[in-house]
Each structure stands twice: as structure tokens, then as C-alpha cells.
Amino acid sequence: MENIENAPFLREMVDTASNLYRLGWDERNGGNISYLLSEAEVADYLDVNHVLRRIPMDFDGSALAGKYFLVTGSGKYFKNVAKAPAENLGLIRIAAAGDGVEILWGYSDGGVPTSELPSHLMSHIARLSVNPKNRVVMHCHATHLLAMTFTHDLDERAFTRTLWQMCTECLVVFPDGVGVVPWLIPGTNEIGMATSDKMKETRLVVWPHHGIYGAGETMDETFGLIETAEKAAQVYTIVCAQGPIRQTISDRQLAELGESFGVEPKAGYLDLVRED
Ligand code: 13P
Ligand code: ZN
């Protein structure tokens, strides 16, 4: 068996957790990541028949039965992931009945997967139903996005339009916009259901006064998605501090941008008729 700490998927996870910490988006134990892996990827590094521990789940994960995920640990600090991956991360498989997880590696000090596992697994189910290539769900406390949830209208269309207007690349990176759920208790099935419901239509979901969820095919793509939205929120913060907006990207220009890059802005989010 090869050492799992050298596995490409593990290195990606470690790098991403370190970057999220470096950027200040995952203070203390803030944030969590789950990475869907194939059995073939995993089998080079561990005996898939050797279950270390079993943990029950009180929601139905049967749509993911038998699937493998690398998941950050609950209460673990992202700043520590690089120096102690086996303590701060774990590799799990969803039990055949969908009612628990089997730990195959990691959480070496007796830890458990993130408390946000319901939101992660439900979001994976939602994204896989739209795009079978989805593999990553990422949650962090991106500073400026979080701040925006205090000062900006929480209407999804309004929130999305502001982000699209702040950096030209935004519409190209997330033409499906951002979803916004109500304020809900973290770690619950309820916030999991609300988040995954939005994930059927968008890959970015804002949790007001808490943070953001992103989903994507690869670790880089998902990180880049959150990074792009967060950059737009940072620009918005600076723009608001500088004073009234004198000019912005028009809806006509956003439509042209979408056409030029071959992406479809979320239906109804641009006011084209009113501008003509
Ligand atoms: P965990 O430490 O359980 O992953 O929780 C962190 C967090 O960000 C909760 O939303
Ligand atoms: Zn959080």
C-alpha cells in the first residue's frame, strides 16, 4: 500500500485547507470540505474492507451509498491540516443502508466528520443530479461575502446582480448566480435541506451571517468559484466605502458578455427590456 498522505487527492485537500486559512476565511475550526473519490483512487492507499469505526447519521444518505469521501473533521482547525492530516481529515464511505458512515482512515484522535455533513452530503446529491462530474463541496466563512449579508438586500437576484457587476469575470464564472437561504442553525438537517435545494440550481449558496457554500467538479474549480465571488464582495465593500456608484456594467453589457463566453445568465436576472 502506498502512503495515503502522498495521494494527489490528499495533497489537494491539504493545499486547499491551507489556502482557505491563509486567506482568513477559516478561523478556528470554521469551514469544511468534502471530496468525492472513486474506489479505484482510494484502493491504492487503503484496504477498503477494513472499517475503523462506524458513525450513525439521522438523514437518508442512501443516494450516496458505497461512495467514498475525504472530509475535514469536526472542530478541527484548518491551520493544522497540513501538519497533521490524519488527525484533521478522514476518509469515509457511506454505509450501504445510507444511515451512517464508515471511517476507513483519519480522525486519528477519535474525531468525527464535520458537523456540516448533512449540508455536504445533501449538496453532493443535489449537484450529482445536475452534473454527474460534481466531486467537491466546500464551506468557508469568506469575510466580505459574510459582511455583505448584513448590508445588502438578501434577495438572490439582487445579491447576484451586485456580484456580477463588481468584476467582469463573475458572470462568466457563475452565470447560475448565487442562492441565499434564510438564517438557520448550522449543522442541522434543516440547513442541509435548504442548501441542497438551492444547489439544484446554483453552485454557490450564501448562509447569511455565517458564510458560503460552493460546489464543483474539482478542488481548484470550487475554490476558484468561492474566490471569485469573495473578490467581488471585497470590491463591493471598497466601492461602498469610496462613495456613490457613478457607473457600472450595464445589463446589456452583461448579456453581451454571456453571449461572448457562451454562458447563459440565470433567467430573469438581467433587465434587458427596461434598458432598451
Ligand atoms: P465543523 O468544525 O464541525 O466542520 O464546523 C465548522 C463550521 O464552519 C460550521 O459551520
Ligand atoms: Zn461555518
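Both counts, for ligands and for their atoms, begin at 1 and track the order of listing. We use all heavy atoms of the structure for the numbers below, so side chains are in, but hydrogens, waters and symmetry mates are not.
Under a 3.5 Å cut-off, the side chain of Ser260 and the backbone N or O of Glu256 do not form any donor-acceptor pair. Looking only at distances, a side-chain donor or acceptor of Glu221 sits under 3.5 Å from a matching main-chain atom of Glu217. Of the possible polar contacts, none joining the Arg127 side chain to the Arg135 backbone as a donor-acceptor pair under 3.5 Å is found. Here the side chain of Gln234 pairs no donor or acceptor atom with the backbone of His144 at under 3.5 angstrom.
For the pair Ile33 and Met13, the minimum side-chain heavy-atom distance is below 4.5 Å. The closest side-chain heavy-atom distance from Leu117 to Val71 is below 4.5 Å.
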>> For Tyr269 and Phe159: C-alpha separation, side-chain torsions, deciding distance, then whether ring pair (Phe, Tyr, Trp, His ring centres under 6.0 Å) applies.
In response: CA-CA 10 Å; Tyr269 274 27; Phe159 205 94; over 10 Å; no
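Of all protein heavy atoms, the one lying nearest to atom 6 (C) of ligand 1 is Asn29 O, 3.2 Å. Remark: minimum distance from atom 8 (O) of ligand 1 to any protein heavy atom is reached at Gly31 N, 2.9 Å.
Close contacts between ligand 1 and His141 involve ligand atoms 8 (O) [criterion: under 4.0 Å to a heavy atom]. Taking every non-hydrogen atom of Gly75 and a distance limit under 4.0 Å, the qualifying atoms of ligand 1 come out as 1 (P), 2 (O), 3 (O). Annotation for ligand 1: atoms under 4.0 Å from non-hydrogen atoms of Gly30 are 8 (O). Contact atoms of ligand 1 toward His210: 10 (O) (distance under 4.0 Å to a heavy atom of the residue). Residue-ligand proximity, His139 to ligand 1, at heavy-atom distances under 4.0 Å covers atoms 8 (O), 10 (O). Atoms of ligand 1 lying under 4.0 Å from at least one heavy atom of Asn32, given by number and element, are 1 (P), 4 (O), 5 (O), 6 (C), 7 (C), 8 (O). Here is the list of ligand 1 atoms found below 4.0 Å of a heavy atom in Glu116: 9 (C), 10 (O). Within the listing of ligand 1, atoms 1 (P), 3 (O), 5 (O) sit less than 4.0 angstrom from a heavy atom of Ser115.
Residues Asp26 and His141 have side chains that never bring a donor and an acceptor to within less than 3.5 angstrom of each other.
The angle subtended at the Zn ion (ligand 2) by NE2 of His141 and NE2 of His139 is 100°, given to the nearest 10°.
Looking at Thr114 against ligand 1, both its backbone and its side chain come within 4.0 Å, counting heavy atoms.
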